[in-house]
Amino acid sequence: MIYGYVIVAEKNSVARAIASFLGGTSVKRLQIEGVPAYEFNWNNSRSLSIGVSGHILNFDFPKEYNKWNSIDPRQLFFIKPILVTREGAYKYIKALRQLAQKTSTVILALDADVEGEAIAFEVMRIMSQANPSLEFKRAWFSAITRTDILEAFKNFRKPNENLANKAFSRMIVDLTIGASFTRILTLSVEKRNGFLPKGKFLSYGPCQTPVLYLVVKRELERENFKKKKYYVLRVKFESPEGVFTGHATFDDASKANEALSVVKSIGKGIVASSEYVTVNIQPPVPLNTVYLESRGSLFLNLRPKETLAIAETLYANGYISYPRTETTRYPPTLNLKNILSMFSEWENTGWYVKKLLLKGFKPTEGREDDKAHPPIYPTKAASKNEIVRKFGEKAWRVYEYVARHFLATLSEDAIIEKQKIIVNIDKLQFQAEGRKVVYLGFYQVYPYSVPQDDPLPYLLKGEEVRVLEAKLEERTTQPPQYLSEAELLALMKKYGIGTDATMQEHIHTNIERKYFIVKNKRLIPTPLGRTLAVSLYETVPELVLPEIRGRMESKLVKIANGEVSPEELVQEMLEEFLSYYDKLAQNIDKVAEKLVEGLKKVYQEEDSEASHASAKKKSSMKRRKTTRQRKKI
DNA sequence: GCAAGGTC
């Protein structure tokens, strides 16, 4: 035996961290089959840690069932998927097999969640094939900090097959229903020669399709919205303390006009009530992935997919912590003061940081905890120059946001005075609302949505105010806007569609499939996406309703709790979806007919748009050419 | 050519 212990982590960064926490200065870096690994002394023996890259194995159907044209998609419900090696994962298998020969004890240091447990079972499967006498121990830690790691390596657990089986069952169910529904939809339009370009298909998925439904639902709500006229009477009042504007709303034009003449003829009003209430605005809770993505969309003008990609780069280069996390509370073992101290000379916030360090601070705390990763926080203070030079301007936006969000979570509340005055003129009531910022608090370092002063004068009940001006405005109620990405992310979270790491992908998949587009930060269905969502809803609503994913999840939890066997539950879930499949299959002609229409619109329009765009491009190129030539002369 | 979930 060469190694007393071989430690397998879910990713390289964790393998490296474990080595440094356990091995101190004895760590030696090496490569096994091209995979980075770390040798060190621990527990009186030479040990080695290595990271895989998430899952190593995946489910797929046996080859003969992947011939779309000769296999009835319905058959997939009766075929057991097999485990295959993931693309690019073979080097990890080779490395693990090699290490299996060089130790007798393997410590499974994967993330503390069901996916991590599933990966642990993949590792065990691979390694025990190479060496059946291996002993496996599970290290369970909820943060990659020295304290948590040392604690986890004192008290090992047993691998928990129920947890792993929950993940494996989800994989099997998702593959089966995804593949069967995607195939029946795709084949139905292909049979009709339905404008589907080569290599494209019509996909269905238990996450992507409910996401589409949410986007389409909003479009239908807009269309069904009944606009209504209403009337706002705005009155400018003068008091000894200052001028302010109150308003009253009417549904009816004649009543509004009547009110206007009353206001004009009386010409003054009495303060019926006045309120000046201070309220605290709490700083945001510690940052998780979905919140970062939604703030990216709202404040930084970045798409969720882009935000996450940038965050990953910043993480890989040591500027921020691991960006895929649900957690919104700092683990007690994270040294916030050390991180804060790094920022005492940063971007004009130095004075603020020094004040916090001097006065002391208490971090905000959210409710979510994925038990695997801490919230996202900066791990290094870096200048704008440095970040822009290395990763570009967009990366600076993300880094600066992470840093400022972190500082905000340690900051004091902002204090706002909310103001409200009601003025009576005869029997009419006019309301005025205002606000005054009393103390900026965390907004001093978090300049993204700073409340603005819009104060009212300080008046007492019974005071008389004079009418300076009265204006009647006709307005129309407006339909809701198309969904924004930030709203969609919030809805996905509410319904439990996708995970922190995958939500942006489900949005992206729909865009890729031409089911909806993003325009001015709003999500607009294409005729194809709309047809798909509507016709599925009309045939089998269960396939598109957003609750579907949450219901699957709560069933799968029973596997993790050991209340039901995975085989039994997978069988039950597949039977349910088979009945949906049969319902859809009965109506597939009708559905396909509509889908062909949608495809026609999407792909033909794209063609004409593309030729349009290329013509435009050509002419602009011509223009550029001429200006360049001019410059030369 | 399918999904969703890890990770890069």
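Convention: sequence-line order gives letters A, B, ...; per-chain numbering from 1. This one's a predicted model, so the numbers in the text were calculated from it and none came from an experiment.
Listed by first and then second residue, the side-chain hydrogen bond (donor to acceptor under 3.5 Å, both in side chains) pairs that reach into residues 175-191 of chain A are N66(A)-R183(A), sequence neighbours excluded.
Protein atom CG of L110(A) is 13 Å distant from nucleotide atom P of dG6(B), rounded to whole Å. What separates CD of E505(A) from P of dT7(B) is a distance of 11 Å, to the nearest Å. To the nearest angstrom, P of dC2(B) lies 10 Å from CG of N66(A). Across the protein-nucleic acid pair, L175(A) atom CG and dA4(B) atom P stand 11 Å apart, rounded to whole Å. Note: CG (D174(A)) to P (dA4(B)) measures 6 Å, nearest angstrom. One atom, CG of L185(A), and another, P of dG1(B), lie 18 Å apart when rounded to the nearest Å. Between I79(A) atom CD1 and dC2(B) atom P the separation is 20 Å, expressed in whole Å. Summarising the geometry, the separation between CG on D113(A) and C1' on dA4(B) is reported as 14 Å, rounded to the nearest angstrom.
Under the 30°/60° scheme for interplanar angles, the aromatic rings of Y377(A) and F406(A) are found to be tilted.
Between S203(A) and dA3(B) there is a side-chain N or O to OP1 or OP2 distance below 4.0 Å. The side chain of Y322(A) contributes an N or O atom lying less than 4.0 Å from OP1 or OP2 of dT7(B). Using a 4.0 Å cut-off, some side-chain N or O of T499(A) falls inside it from OP1 or OP2 of dG6(B). Phosphate contact (OP1/OP2 of dG6(B), side-chain N/O of R324(A), threshold under 4.0 Å): absent. A close approach under 4.0 Å does occur between a side-chain nitrogen or oxygen of R513(A) and OP1 or OP2 of dA3(B).
Remark: side-chain polar atoms of T327(A) are paired, donor with acceptor, to backbone N or O of D370(A) under 3.5 angstrom.
Within the nucleic acid shown, F59(A) comes within 4.0 Å of at least one base atom, counting heavy atoms only. Within the 4.0 angstrom heavy-atom criterion, base atoms lie near K200(A). Within 4.0 Å of N69(A), counting heavy atoms only, lies at least one base atom of the nucleic acid. Using a 4.0 Å heavy-atom criterion, one finds that P206(A) contacts the sugar-phosphate atoms exclusively. Within the nucleic acid shown, G51(A) has no heavy atom closer than 4.0 Å to any nucleic acid atom. Heavy atoms of G199(A) sit nowhere under 4.0 angstrom from any nucleic acid atom.
Residues of residues 114-125 of chain A having a heavy atom closer than 4.0 Å to DNA chain B, listed by number: E115(A).
Ranked by how close their nearest DNA chain B nucleotide is to the 5' end, I56(A) and D60(A) are led by D60(A). Projected onto DNA chain B by closest heavy-atom contact, S53(A) and T176(A) fall at different nucleotides, the more 5' of which corresponds to T176(A).
Picking from dC2(B), dT7(B), dC8(B) the nucleotide with the shortest atom distance to the side chain of E312(A) gives dC8(B).
Checking I511(A), N510(A), I524(A), V602(A) one by one against I517(A), the side chain to side chain contact (heavy atoms under 4.5 Å, CB included) holds for a single residue, I524(A). Of the options N288(A), L287(A), L314(A), T328(A), a side chain to side chain contact (heavy atoms under 4.5 Å, CB included) to I376(A) is made by L287(A) and by none of the others.
No side-chain heavy atom of D582(A) sits under 4.5 Å from any side-chain heavy atom of F77(A).
For K11(A) and Y322(A), the positive end sits near the middle of the six-membered ring, less than 6.0 Å away and at most 45° from its axis.
Using a 5.5 Å limit on the distance between ring centres and a 30° limit on the angle between planes, the aromatic ring of W68(A) counts as stacked on the six-membered base ring of dG1(B).
Between K558(A) and E568(A) there is no salt bridge, since no side-chain N of the basic residue sits under 4.0 Å from a carboxylate O of the acidic one.
Not a single donor-acceptor pair, N or O on each side, falls under 3.5 Å between the base of dC8(B) and the side chain of N12(A).
Residues meeting the ring pair (Phe, Tyr, Trp, His ring centres under 6.0 Å) test with Y213(A), sequence neighbours left out: Y537(A).
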